[in-house]
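Note that these values count all heavy atoms, side chains included, but never hydrogens, waters or copies made by symmetry. Counting starts at 1 for both ligands and their atoms, following the listed order. Everything quoted here is computed from the prediction, not taken from an experiment.
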Amino acid sequence: MSLAIDVRQVTMLFDTKGQRVIALEKTDLAIPAGRFGSIIGPSGCGKSTLLRLVADIMQPWSGTINVGDAPPRQARRDHAIGFIFQSPTLLPWRSVRENVELPLDIVGRTSARAATRTPAELIELVGLKGFENSLPSQLSGGMQQRVAIARALALEPEVLLLDEPFGALDEITRQRMNLELLRIWAESGTTALLVTHSISEAVFMSDTVYVMSPRPGRITTTLDIELARPRELGMMRTQAFFESVNKVRDALFGREAGSLPDGAPAPVETY
Ligand SMILES: Nc1ncnc2c1ncn2[C@@H]1O[C@H](COP(=O)(O)OP(=O)(O)OP(=O)(O)O)[C@@H](O)[C@H]1O
Ligand SMILES: [Mg+2]
């Protein structure tokens, strides 16, 4: 199976005011094309750093990264990477349609990447038909984040990177956004890598959950999630779901500290 993201032995250091922080140490991560992966780990362990390295927003100190067959720089130039940040970062003076069209304005509408879906179709895909002419300030936080998703999909990226995209949303909106993201991911055929702080969100969304250790961060556990697709909210009540949640919890906190006896239903944290 071909890999959409291939991170090998990546180390990342930051030097600020004579102080050296090792954000990532010899980290490996391999995500096959078309899969949905999540990264979970304590605050400051290097999750955002890892995503930024994959997106070529910064470059590793050592190690190699490939996105598809190309290094991140080339993948970024080819517009093969879509990035969704925690806050939607929309241009406030542009309407929904104009925000979604922004990447096309940059690369040119005749670009090969801009082929399949029109901005109108993307707006429909994220459920914002009828709001094309609204300004970001006239939308709720969840709607703004959906515009950001449509914008990220405008150039049909092979890889979609999401850094806690729904962290600021209330629980009901967040669940709805999760279901929509899964639908959009399945329809678009892209590979997704989601950073989240929520164990249940990671399990619910993913084919594979990557657990990171505290700083210096590295992926210490890789867990495949054996839940059928399409995912439905009712699956969060199943034994298989509880077991996966417990496994992620064990990997994060250690078995004694964080887990319950085998077979006991876990108190799944809400999000
Ligand atoms: N541009 C930077 N300059 C200096 N240090 C940085 C920079 N970016 C990140 N760091 C440091 O690298 C470490 C990892 O940061 P990172 O933002 O990747 O963590 P994170 O896992 O995303 O945390 P959180 O869950 O809180 O978002 C931290 O100690 C942080 O202070
Ligand atoms: Mg972060």
* To do: Can you sort out which atoms of ligand 1 are near H197, meaning under 4.0 Å from one of its heavy atoms?
  => 25 (O)
* Asked: Hey, is ligand 1 close enough to K47 that some N/O pair sits below 3.5 Å?
  -> yes
* What is the nearest protein non-hydrogen atom to atom 29 (O) of ligand 1, stated with its residue, atom name and distance? -> R215 NH1, 3.1 Å
* Selection residues 145-191 - residue pairs positive for ring pair (Phe, Tyr, Trp, His ring centres under 6.0 Å), sequence neighbours left out -> F36-W185
* Asked: Quick one: do L193 and V10 end up in the same hydrophobic cluster if we chain Ile, Leu, Val, Met, Phe, Trp and Tyr together by side-chain heavy atoms under 4.5 Å apart?
  -> yes
* Asked: At distances under 2.8 Å, what protein N, O or S atoms surround the Mg ion (ligand 2)?
  -> S48 OG
* Among all protein heavy atoms, pick the one closest to atom 15 (O) of ligand 1 and tell me residue, atom and distance. => T49 OG1, 3.7 Å
* To do: Flag yes if more than 12 heavy atoms outside D105 fall under 6.0 Å of its CG atom; otherwise flag no.
  => yes
* To do: Look only at interatomic distance and state if G46 has a nitrogen or oxygen under 3.5 Å from any nitrogen or oxygen of ligand 1.
  => yes
* Judging by distance only, is a nitrogen or oxygen of A23 under 3.5 angstrom from one on ligand 1? -> no
* Nearest-contact summary for atom 26 (O) of ligand 1 - protein heavy atom, Å -> S43 OG, 2.6 Å
* Asked: Can you name the residues that form a ring-ring contact (aromatic ring centres under 6.0 Å, His included) with F85, not counting sequence neighbours?
  -> F83
* Minimum heavy-atom separation for L179 to R231, with atom names? -> CD2-O, 3.9 Å
* Asked: Between D207 and R229, does at least one N-O distance fall below 4.0 Å, as a salt bridge requires?
  -> yes
* Co-members of the apolar cluster containing L135 [side chain, <4.5 Å] -> none
* Asked: atom 31 (O) of ligand 1: which protein heavy atom is closest, and how many Å away?
  -> V21 CG1, 5.0 Å
* To do: May I ask whether L162 and L125 are part of the same hydrophobic cluster, defined by side-chain heavy atoms of I, L, V, M, F, W, Y residues being less than 4.5 angstrom apart, directly or through others?
  => yes
* Structure fact -> Of all protein heavy atoms, the one nearest atom 9 (C) of ligand 1 is F14 CE1, 3.4 Å
* Would you call Y210 and I31 a side-chain contact if the rule is heavy atoms closer than 4.5 Å? -> yes
* Structure fact -> atom 17 (O) of ligand 1: closest protein heavy atom, distance to 0.1 Å, is S48 CB, 3.7 Å
* Could you check if a side-chain atom of V67 sits within less than 4.5 angstrom of a side-chain atom of R76, using non-hydrogen atoms only? => no
* To do: Give a yes/no on ligand 1: does E164 have at least one heavy atom closer than 4.0 angstrom to it?
  => yes
* Enumerate the atoms of ligand 1 whose separation from the nearest heavy atom of G44 is less than 4.0 angstrom. => 13 (C), 14 (C), 19 (O), 20 (P), 21 (O), 23 (O), 24 (P), 25 (O), 26 (O), 28 (C)
* Beyond-backbone contact of R146 with M177, side-chain heavy atoms, under 4.5 angstrom -> yes
* Asked: If Ile, Leu, Val, Met, Phe, Trp and Tyr residues are connected whenever their side-chain heavy atoms lie under 4.5 Å apart, and connections chain through other members, are F253 and V203 in the same group?
  -> yes
